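Have a look at the structure below, then the notes.
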Protein chains: 2
Amino acid sequence: MSRSNPRVLSTLERAGGFASAQEVYKLMQREGEKIGLTTVYRSLQSLVDDKIVDLLRREDGEAIYRLCGEKHHHHLVCKSCGDTVEIEGGAIEKWAKSMADEHGFRDVGHTAEIFGICSKC
Amino acid sequence: MSRSNPRVLSTLERAGGFASAQEVYKLMQREGEKIGLTTVYRSLQSLVDDKIVDLLRREDGEAIYRLCGEKHHHHLVCKSCGDTVEIEGGAIEKWAKSMADEHGFRDVGHTAEIFGICSKC
DNA sequence: TTTGAAAATGATAATCATTTTCATTTGTGA
DNA sequence: TCACAAATGAAAATGATTATCATTTTCAAA
């Protein structure tokens with residue numbers, strides 16, 4: 001049982017509260033932090049165990065970690081240039097909740113992404 | 001552009017309409033079918049492109065393929081047993097459209113999944 | 001029937017995230 | 001200082017997925 005390295009959590013916060021293990025690792029390297037990839041993985045895993053961060057999945061299956069306290073939001077992503085806009089999802093929250101209730105699901109979370117071509121492309 | 005090998009689809013059906021690429025491959029091997037892993041992946045991918053099967057993710061990130069109807073819909077997935085309910089997403093369609101308009105995006109698509117614990121678990 | 005281009009196939013190698021191993025370092029209490 | 005447990009991280013292992021590329025199959029036209 002390992003405890004989380006505090007610098008990992010702090011980096012995840014600085015990353016906007018939303019990143020993969022590889023991204024956290026690269027970010028720490030770029031900032032001159034001395035840390036091993038193994039420790040980044042272990043720390044993130046233990047943060048998930050402690051319910052301090054959520055574990056989600058990118059479309060390609062890569063694990064992404066999100067601070068639980070972060071305000072929940074969604075993304076509007078350009079398929080061409082990758083530009084991303086954070087958007088509100090009030091309608092989604094209500095939809096997810098009502099669907100879950102209707103089918104007797106509990107402890108529900110959700111993912112929702114919109115992708116298209118932005119005005120610049 | 002490759003078309004799907006029909007034996008792959010038939011195997012996925014026989015598997016209960018729900019399996020990973022590796023599982024489909026092993027199942028076909030066990031049944032004496034001569035097919036390569038590459039072809040299994042390609043066939044499943046093209047079935048996804050043709051919207052004949054849905055691509056979801058196990059907790060560990062492994063891709064799982066699931067037969068679905070043609071009508072656009074979303075999923076309510078149990079994190080514990082994998083049980084899946086297909087649900088309507090009228091609210092999502094409107095939300096995605098209005099968000100895209102607001103930010104000048106065109107050719108938009110979207111993904112939305114709800115996950116939780118079902119009443120049986 | 002023969003031919004040839006395009007599509008499909010599959011063995012193999014490459015990729016890439018993640019996990020495991022294990023030797024070393026660090027922290028801590030006696 | 002000593003001993004020992006916990007933490008660390010480099011390197012290897014793992015496992016799914018994708019890329020390569022030579023070979024085979026399909027099929028329509030000659």
Side-chain angles (χ1 to χ4, degrees), chain A residues 1-12 15-67 77 79 82 111 113, chain B residues 1-12 15-67 77 79 82 111 113:
Chain A
M1 181 79 50
S2 61
R3 212 151 22 323
S4 163
N5 182 314
R7 291 177 295 152
V8 169
L9 178 54
S10 133
T11 303
L12 183 58
F18 197 84
S20 73
Q22 300 283 344
E23 287 164 356
V24 168
Y25 175 65
K26 283 186 200 121
L27 189 54
M28 293 180 80
Q29 295 242 300
R30 237 177 278 133
E31 292 176 349
E33 299 253 24
K34 265 201 307 227
I35 196 166
L37 181 57
T38 313
T39 301
V40 172
Y41 270 103
R42 265 193 298 241
S43 293
L44 288 171
Q45 187 53 59
S46 107
L47 288 169
V48 169
D49 292 344
D50 296 345
K51 305 212 193 304
I52 294 167
V53 312
D54 279 334
L55 172 55
L56 303 176
R57 294 275 165 191
R58 288 236 171 84
E59 208 154 325
D60 67 352
E62 186 178 2
I64 47 180
Y65 301 86
R66 182 181 68 191
L67 278 172
V77 185
K79 284 189 284 194
T111 62
E113 304 266 325
Chain B
M1 178 82 50
S2 62
R3 205 132 60 296
S4 162
N5 182 314
R7 293 178 293 153
V8 169
L9 177 55
S10 134
T11 303
L12 182 60
F18 198 85
S20 71
Q22 301 283 343
E23 286 164 357
V24 168
Y25 175 65
K26 283 186 200 122
L27 190 54
M28 294 182 79
Q29 295 243 300
R30 237 178 280 131
E31 292 174 349
E33 299 253 26
K34 267 203 305 229
I35 196 166
L37 181 57
T38 312
T39 301
V40 172
Y41 271 104
R42 265 194 297 241
S43 293
L44 288 171
Q45 187 53 61
S46 106
L47 287 169
V48 169
D49 291 345
D50 296 345
K51 307 214 194 303
I52 294 167
V53 312
D54 278 335
L55 171 56
L56 303 175
R57 295 275 164 189
R58 291 237 169 82
E59 288 255 346
D60 67 354
E62 186 178 2
I64 48 181
Y65 301 85
R66 185 174 190 285
L67 279 172
V77 185
K79 283 190 285 194
T111 64
E113 304 267 325

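All values reported here derive from a predicted model rather than from experimental measurement. Below, chains carry the letters A, B, ... as their sequence lines are ordered, and counting in each starts from 1.
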Hey, can you pull the residues of residues 53-61 of chain A with a non-hydrogen atom under 4.0 angstrom from DNA chain C? none

What is the separation between atom CD1 on A:Ile64 and atom P on C:dC16, rounded to the nearest whole Å? 19 Å

Contact list (N/O, under 3.5 angstrom) for nucleotides 11-15 of chain C vs protein:
| from | atom 1 | to | atom 2 | distance (Å) |
| --- | --- | --- | --- | --- |
| C:dA11 | N6 | B:Thr38 | OG1 | 3.1 |

Please name all residues satisfying side chain to side chain contact (heavy atoms under 4.5 Å, CB included) with A:Ala19, sequence neighbours left out, ordered by chain then number. A:Leu12, A:Ala15, A:Glu23, A:Val24

What residues form a side chain to side chain contact (heavy atoms under 4.5 Å, CB included) with A:Gln29, not counting sequence neighbours? A:Tyr25

Taking all atoms of both residues into account, what is the closest heavy-atom pair of B:Leu9 and B:Leu67, and its distance? CD1-CD2, 3.5 Å

Please report the distance, rounded to the nearest Å, between CG in A:Leu44 and P in D:dG9. 14 Å

To the nearest Å, how far apart are B:Lys34 NZ and C:dT9 P? 14 Å

Testing the basics here: between B:Ala21 and B:Val40, what is the closest heavy-atom pair and its distance to 0.1 Å? O-CG1, 3.6 Å

What one should report as the nearest heavy-atom pair of A:Met28 and A:Thr11 is CG-OG1, 3.3 Å

Whole angstroms only, please: what is the OH-C1' distance between A:Tyr41 and D:dA10? 15 Å

Residues passing the side-chain hydrogen bond (donor to acceptor under 3.5 Å, both in side chains) test with A:Thr38, sequence neighbours excluded, are none

Sugar-phosphate, base or nothing in reach of A:Gln22, heavy atoms under 4.0 Å: base

For B:Asp54, enumerate each residue passing the salt bridge (Lys or Arg N to Asp or Glu O under 4.0 Å) test, keeping only those at least two apart in sequence or located in another chain. none

Value in whole Å for how far the P atom of C:dA8 lies from CD of B:Gln45: 15 Å

Distance check needed: D:dT8 C1' versus A:Arg7 CZ, whole Å only. 10 Å

Rounded to whole Å, how long is the line connecting atom CZ of A:Arg3 with atom C1' of D:dA7? 10 Å

Quick one: B:Glu23 CD to D:dT17 C1', roughly how many Å, whole number? 15 Å

Work out which heavy atom in A:Arg57 is nearest to a heavy atom in A:Ile64; give both atom names and the distance. N-CG1, 4.0 Å

Output for pair (A:Leu55 CG, A:Leu47 CG), nearest 0.5 Å, gives 11.5 Å

Please determine whether a side-chain nitrogen or oxygen atom of B:Asn5 lies at a distance below 4.0 Å from atom OP1 or OP2 of C:dA8. no

